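In this text, all values refer to a predicted model and were calculated from it rather than measured experimentally.
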Amino acid sequence: MSSELARLKELYEIFLDMEKYSVLLPTEKRLSDFVKVTLDKEHEVVYLKEEKQERKLNSDGFKINLICILESVEDLLDNSNIIDRFSEVEEGKLSEEEYIKYAGGICLARGKYDKIISKLYVI
């Protein structure tokens, strides 16, 4: 296996982790609703499809795109206001269990995505 393919596979695994943990994000949409990635081992590239645009990327291009996606995730996590959502509990619009799931998901997502970021920067 070439070093390019090995690197692509590592980055692809990171993408799969990002996709798996996107269920923890404070949004109805998931990563798979926006981005599709296909690993082409034979040609040693990935095909990244966002909206209706598909791009053929090597490992460097794929890594740059993953960093951009992670920056969007960080913005989403930074803008999720746990305190404001608690007021919905006090108003009876949200149950305590729903709030705990929301707030806990954000905290867990922050930890998971921080770990992904650290893995991404060493590849």
Side-chain angles (χ1 to χ4, degrees):
M1 176 185 324
S2 73
S3 61
E4 176 68 8
L5 182 57
R7 189 167 183 236
L8 276 171
K9 287 176 89 173
E10 283 183 271
L11 292 167
Y12 184 70
E13 288 300 319
I14 287 174
F15 172 78
L16 292 177
D17 282 346
M18 290 168 60
E19 193 173 51
K20 179 171 70 175
Y21 297 126
S22 72
V23 299
L24 301 170
L25 299 175
T27 178
E28 297 298 317
K29 299 279 187 174
R30 299 295 165 239
L31 185 58
S32 58
D33 294 332
F34 300 103
V35 180
K36 305 278 189 239
V37 175
T38 306
L39 176 62
D40 182 343
K41 294 177 184 177
E42 182 181 342
H43 296 104
E44 298 186 356
V45 295
V46 294
Y47 294 95
L48 182 114
K49 185 173 184 179
E50 293 178 279
E51 296 174 10
K52 295 180 180 178
Q53 179 184 6
E54 184 174 74
R55 290 174 284 168
K56 181 178 169 180
L57 303 169
N58 64 10
S59 62
D60 289 334
F62 188 35
K63 182 176 180 177
I64 290 167
N65 278 272
L66 290 179
I67 290 169
C68 291
I69 293 167
L70 282 167
E71 287 172 354
S72 297
V73 167
E74 284 182 320
D75 288 345
L76 183 63
L77 291 171
D78 289 344
N79 293 322
S80 60
N81 196 334
I82 295 174
I83 304 301
D84 285 348
R85 288 299 297 262
F86 185 72
S87 65
E88 292 180 25
V89 174
E90 292 175 327
E91 296 167 3
K93 296 178 182 174
L94 193 66
S95 72
E96 287 183 2
E97 292 80 21
E98 290 170 319
Y99 175 76
I100 290 168
K101 183 178 178 182
Y102 172 81
I106 290 171
C107 293
L108 185 58
R110 168 89 47 209
K112 295 291 187 183
Y113 280 94
D114 284 349
K115 189 174 181 178
I116 288 170
I117 290 167
S118 65
K119 283 172 48 177
L120 185 59
Y121 282 108
V122 298
I123 292 178

For residues K9 and L39, report the shortest heavy-atom separation together with the two atoms involved. CG-CD2, 3.9 Å

Would you say V37 and I64 are hydrophobically clustered, going by side-chain heavy atoms of ILVMFWY under 4.5 Å? no

G61 and N65: which non-hydrogen atoms are nearest, and at how many Å? O-ND2, 2.8 Å

When rounded to the nearest 0.5 angstrom, what distance separates OH in Y102 from CD1 in I82? 6.5 Å

Is V89 reachable from I83 through a run of I, L, V, M, F, W or Y residues, each pair having side-chain heavy atoms under 4.5 Å apart? no

Show the nearest heavy-atom pair for residues V45 and L8, with the distance to one decimal. N-CD1, 3.5 Å

E19 and V35: which non-hydrogen atoms are nearest, and at how many Å? OE2-O, 4.5 Å

What residues, two or more places apart in sequence or in another chain, satisfy side chain to side chain donor-acceptor pair (under 3.5 Å) together with K93? E91

Using a 6.0 Å cut-off, check whether atom CD of E90 has over 12 heavy atoms from anything other than its own residue. yes

Heavy-atom side-chain contact between E42 and L5 under 4.5 Å: no

Heavy-atom closest pair, residues S59 and L11: O-CD1, 3.3 Å

Measure the acute angle between the ring planes of F62 and F15, then classify it against the limits of 30° and 60° as parallel, tilted or perpendicular. tilted

Got L66 and K63 here, is their nearest side-chain heavy-atom distance under 4.5 Å? no

Is the shortest heavy-atom distance from the side chain of P26 to the side chain of L77 under 4.5 Å? yes

Are R85 and E88 ion-paired here, with the side-chain N under 4.0 Å from a carboxylate O? yes

Indicate yes or no for a side-chain donor-acceptor contact from K119 to the backbone of I14 under 3.5 Å, with no hydrogens or angles considered. no

Can you check whether Y21 reaches I116 side chain to side chain, under 4.5 Å on heavy atoms? yes

To the nearest 0.5 Å, tell me how far R7 CZ sits from N58 CG. 8.0 Å

Nearest heavy-atom neighbours spanning S22 and Y113: N-OH, 3.3 Å

Rounded distance [0.5 Å steps], CG in L48 versus CD in Q53: 9.0 Å

pair K36-E54: side-chain heavy atoms closer than 4.5 Å: no

In the structure I gave you, are the side-chain heavy atoms of K112 and K20 within less than 4.5 Å of one another anywhere? no

Can you check whether E13 reaches D17 side chain to side chain, under 4.5 Å on heavy atoms? no

Check whether V23 and V73 end up in the same hydrophobic cluster, where Ile, Leu, Val, Met, Phe, Trp and Tyr are linked by side-chain heavy atoms less than 4.5 Å apart. yes

Do E74 and I117 come within less than 4.5 Å of each other through their side chains, counting heavy atoms only? yes

Transitive ILVMFWY side-chain link F34 to L76, under 4.5 Å: yes

Verify same cluster id: M18, Y47 (apolar side-chain graph, 4.5 Å): no

